[in-house]
Amino acid sequence: MTTATPSAPTNKLGYTKQDYVGSKSTLCAGCGHDAITAQIIGAAFESSLEGHRVTKYSGIGCSSKTPAYFINQGWGFNSVHGRMPAIATGASLANRQLINIGVSGDGDSMSIGMGQFVHAVRRNIPMIYIIEDNGVYGLTKGQFSATADKGSHLKSGAVNDLPPIDPCTLAIELGCGFVARCFSGNPKQLNAILKAAFAYQGTVVLDIISPCVTFNNHDASTRSYKHVKDHDFPLHDLGFIQYSEVEEVEIAAGETEVVTFPDGSKVAIKAIHESYDPTDRFGAMKAIHESMEKGEFLTGLLYINPTQPPLPQVLNLVDEPLASLGEDVLKPSPEVLNDIMKSLM
Amino acid sequence: MTASLAAPSHASGAKTRINDFSIQVATVNGSGSQTANTVLLRAIFQMGVFVSGKNLFPSNIAGLPTWFTIRASAKGYVARKASNEMLILMNAETAKEDIAKADTGALVIYDEPLQLDKLREDLAYVPVPFQKLVTASCPEPKLHKLVKNMIYVGVAARLLGVDMDEVKKAITKQLKGKAKAIEINQAAAVAGYDWAMENLPEQDHIRVVRDHKTEGLIIVDGNEACALGALFAGVTVVGWYPITPASSLVETFIEYADEYRKDPKTGKSTVAIVQMEDELASAGVVLAAGWAGARSMTSTAGPGVSLMSEFIGLGYYVEAPGVFFNVARTGPSTGLPTRTQQSDVELCAKCSHGDTQHINLYPGTMEECFQFAYDAFDLAERFQTPIFVVTDLDLGMQNWSSKPFAYPAKPYDRGKVLDQQQLAEVKDWGRYKDVDGDGICYRSLPGTPGGNGSYFTRGSGHNEYAQYSEKPEDYVAVVDRLKRKYETAKAHVPGPVFRNLGSDKGILAFGSSDPAVIEAQDILSEGGLKTDYLRLRALPFTAEVDAFVKEKKVVYLVEQNRDGQMANIFRETYPEHASKFKSVLHYNGHAIDARCIVDQITTFEQK
């Protein structure tokens, strides 16, 4: 472990925030993605993640470069376009002790990778699936993505005449048990949601509106900083309380709703926008659709159901990572082969 | 009812073919004929006679025509034989065409109402009242369609001289533990046998005579053999997507895993098997699981490999292990999904865009399907790369007799993986540093504690520290090292098998062509042309292959595709010997037979 300065605060594992950083970002100055990276570093530090257990996956695009920019102690896998979910699936099955963070974009997930997104969510892969959503293909210099709003303009003046796909309602429809939307310009909310996500067992779908300062930040864009700031409606104040064997945290009664995770961690939800119940799947769908019609971005924890079993549990896998099983466990005996041969005679 | 069962051409006193004939059965797909045909094959096998079966089935669940050929051979030839001595015609739709194609003198068992006996005079006919017999022997009308086929097994057994006890035993074996089904099918077979006993004279055209050649042998298909190899190799993650003719490889593995891959204490599984949404995702799961330290595999066919090719290139470049079974079928495109071909040779050799080279294993026998499947996991982890095990429908789905598989006693080779302690001792960790000079680098597994050894895997340009790099020298260093690694593999892949009769003329083949080549070699030899035969078992080519190519004046390269794909690889690898390679090709979807090899080589020789 490295220590940045002698006085830097440390977490429960004795690490400083500096221990959770990655390489230097090569994205454009002011990119929303860098703000998200900063929050991942902060939340991982505060949640005392064991860095060596962290695996970071991505596909192709600006967003997919970001796993190199956080948690250098973890292993990264920048794969092929739209196929990050398969990579996360394979690695999470090989070693169920890994903490899996996937970073994708709206192009990577909602177009080329739609099939893999849908099936990873359906299988409840243990991973945080972050979509850094700017409505545009940045790395190929500014084409519309499938999340771009109908009627929004490109810098070139081109108008998007197709309706958007919304990752959040889609994820809820697919049975995802943790669906949230955030704005990269609201660090406090993102921090609380990321910490809750680290404690969650299955697939977390986190759609983070992250303006592209180079190709999609003009006034006619519905993904610009100004537009999102003006239309961001945080649903609630969120607090995440990590389970601790030492101290039981009391949460004040009143307007606060508490969702408890299987490990004992708690999410405290205090409504601010309107009465919104994130444990009500159909109510959530209705509220999101209504807000979209009004041109608003509802942000916060949109839906939560912490009880769904993740894939390794559904497959009834042994507790030990499959990758660590040795020949003594895996290779059947000569007697077994003999029996099988006899059955084929 | 014919008074004598000899066709005019046979009546002249031709010799009886003992344990040396082919039977072709024509039925309707989905009518239960596969069970009946396997029982007949098994019964002959139990008589101690070498026998092989080829199911020529349509891409259809029920209704389309299907043919099954059973070849008995005292000499042990198991390739498909182009001519048949007995036909069993149960399908009204194809019967006339089947008769038209029949070989002179063939014995034709057929469903009486088809009235085929006036079509040709050079055949011997056995009309059988199947409906009458099934009505009398099977009390349940709804099962008539399914057990009707078992009646021809009884008739054929009687005509061939196969013991009824062996037929009964084969039925019991085939219908594993289903008591009622066993009873009904045995009754049907006996009904056919008894009817033939009462109504048909003896025939001496073709006979089965008890022998002892199959004692201790097993009957198995290549997909099952590969599944068993993977089971003993300790595969822990399987990502797959159904496709003919590869599905039964994983499906058979699932059956064995249910029994042999559960923790005895907890009942929990030591293998994760996930049917993915497509082949792309399957390939991703395999490579990521391999990257994370599991032994991983998928099974697919040509269309699946096409879809996987982007990931295969990623696996090659980031150096992630994984085993890819390709049970090849007839392409291109959807092609003939239920027919065999060796037409993915070049696809698997260089799968994906950019400069790529892959280790390919070509098993040619059931024992090799088992052993190479086992070895593939070692090679994948040793070379940290995707490994192709290339079989085909003929090997994968047909019944083959084989010696029982030897226990793979060799311990697993998990390759160059550094653990926590070793990583702590490494001074200058670089994932892609060629420390040993063999092109194979050391890797670390995600989740290894201690704070050392993490790295960032990327399909984009990287240097030996796994850092992003677009520098020309970094790029060239990595791809040149990958080439060195492929060179290193020459000493680790299975070398060729020889069958040399002493000649400067070579035959080179691989995979399922083997039995037909052996038979062709013998036929050519009887005709005065001696050949040396090299059966290739892997890419890259080993030193023995080099020597063979250099020594021979001519190399007849036998393969089951149109373009001579393996010959192309040979010409590219040995440009100075390019003119030596003469392609002997067979690519109509049927399994290759000896006659077509003999004819093509003979034509070349006459030039």
Side-chain angles (χ1 to χ4, degrees), chain A residues 1 23 26 50-53 55-57 60 67-68 72-81 83-95 97-98 115-116 118-119 123 311-312 315-319 321-327 329-332 334 336-338 340-342 344-345, chain B residues 216-220 228 231-234 236-237 239 256 260 263 266-274 276-278 280-296 310-311 314 318 404-405 407 411-412 444-451 454-460 468:
Chain A
M1 148 190 10
S23 314
T26 59
E50 292 178 276
H52 71 269
R53 286 176 56 206
T55 41
K56 311 166 291 180
Y57 314 104
I60 295 293
N72 261 350
Q73 282 193 45
W75 275 254
F77 200 145
N78 177 209
S79 65
V80 288
H81 201 13
R83 317 289 171 222
M84 177 274 279
I87 295 294
T89 303
S92 64
L93 291 172
N95 184 346
Q97 288 171 3
L98 298 175
Q116 298 219 333
V118 164
H119 287 276
R123 292 192 186 99
L311 187 64
L315 295 176
N316 195 26
L317 299 184
V318 290
D319 299 335
L322 294 176
S324 334
L325 299 177
E327 188 166 355
V329 175
L330 296 175
K331 191 169 171 181
V336 167
L337 184 63
N338 199 28
I340 294 171
M341 290 300 105
K342 274 192 184 146
L344 295 171
M345 279 174 185
Chain B
L217 298 186
I218 59 168
I219 293 182
V220 71
L228 285 169
L231 178 79
F232 283 81
T236 45
V237 175
Y256 282 116
Y260 298 112
D263 183 292
T266 62
K268 289 185 176 182
S269 183
T270 59
V271 56
I273 306 165
V274 187
M276 296 303 293
E277 58 269 30
D278 52 34
L280 293 85
S282 305
V285 161
V286 169
L287 293 170
W291 171 79
R295 299 200 128 190
S296 57
E310 186 188 28
F311 258 132
L314 177 83
V318 306
F405 305 151
Y407 188 73
Y412 296 167
S444 63
L445 301 181
T448 307
S454 69
Y455 68 98
F456 199 89
T457 307
R458 57 184 99 230
S460 46
Y468 183 81

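Each chain gets a letter, A, B and so on, in the order its sequence line appears, and its residues count up from 1. Because only heavy atoms are used, hydrogens play no part in the values below, and waters and symmetry mates are left out as well, while side chains stay in.
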Leading residue by heavy atom contact count with chain A [cutoff under 4.5 Å; candidates [options]]:
options                                    : value
Val271(B), Asp263(B), Thr270(B)            : Thr270(B)
Ala281(B), Pro449(B), Pro446(B), Gly239(B) : Pro446(B)
Glu310(B), Glu277(B), Arg458(B)            : Glu277(B)
Gly267(B), Ala289(B), Gly459(B)            : Ala289(B)
Ser282(B), Gly216(B), Ala288(B), Ala233(B) : Ala288(B)
Ser460(B), Gly290(B), Pro411(B), Gly450(B) : Pro411(B)

Rounded to the nearest 0.5 Å, what separates atom [atom1] in [X] from atom [atom2] in [Y]?
X         : Y         : atom1 : atom2 : result
Met276(B) : Gln116(A) : CE    : CD    : 6.5 Å
Leu93(A)  : Ile273(B) : CG    : CD1   : 11.0 Å
Ile87(A)  : Phe311(B) : CD1   : CZ    : 4.0 Å
Leu445(B) : Thr55(A)  : CG    : OG1   : 12.5 Å
Leu344(A) : Phe405(B) : CG    : CZ    : 7.0 Å

Contacting region of Ile60(A) [heavy-atom separation from chain B under 4.5 Å]:
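Contact with chain B: none, neither part.
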Between Asn72(A) and chain B, with a heavy-atom cut-off of 4.5 Å, which part of the residue counts as in contact: side chain, backbone, both or neither?
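Contact with chain B involves the backbone of Asn72(A) alone.
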Chain A contact via [X] - which portion, at a heavy-atom distance below 4.5 Å:
X         : value
Tyr468(B) : neither
Val274(B) : side chain
Leu231(B) : both
Leu314(B) : side chain

Specify the closest pair of heavy atoms between Gly74(A) and Ser454(B), including all atoms of both residues, with the distance to one decimal.
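The answer is O-CB, 3.3 Å.
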Pick out which of Phe456(B), Tyr455(B), Trp291(B) makes a ring pair (Phe, Tyr, Trp, His ring centres under 6.0 Å) with Phe77(A).
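Among Phe456(B), Tyr455(B), Trp291(B), the one that satisfies the ring pair (Phe, Tyr, Trp, His ring centres under 6.0 Å) with Phe77(A) is Trp291(B).
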What residue in [options] has the most heavy-atom pairs under 4.5 Å with chain B?
options                                    : answer
Arg53(A), Arg123(A), Met84(A), Lys342(A)   : Arg123(A)
Pro85(A), Gly51(A), Pro67(A)               : Pro67(A)
Leu317(A), Thr89(A), Asp319(A), Asn95(A)   : Leu317(A)
Lys331(A), His119(A), Arg83(A)             : Lys331(A)
Pro332(A), Ser23(A), Ala94(A)              : Pro332(A)
Leu325(A), Val329(A), Leu315(A), Ile340(A) : Ile340(A)

Can you list the residues that meet the side chain to side chain donor-acceptor pair (under 3.5 Å) rule with Ser444(B), with sequence neighbours excluded?
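For Ser444(B) the side chain to side chain donor-acceptor pair (under 3.5 Å) partners, ignoring immediate neighbours, are Trp75(A).
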So Pro404(B) and Met345(A), do their side chains get closer than 4.5 Å, heavy atoms only?
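Yes, at least one pair of side-chain atoms sits under 4.5 Å.
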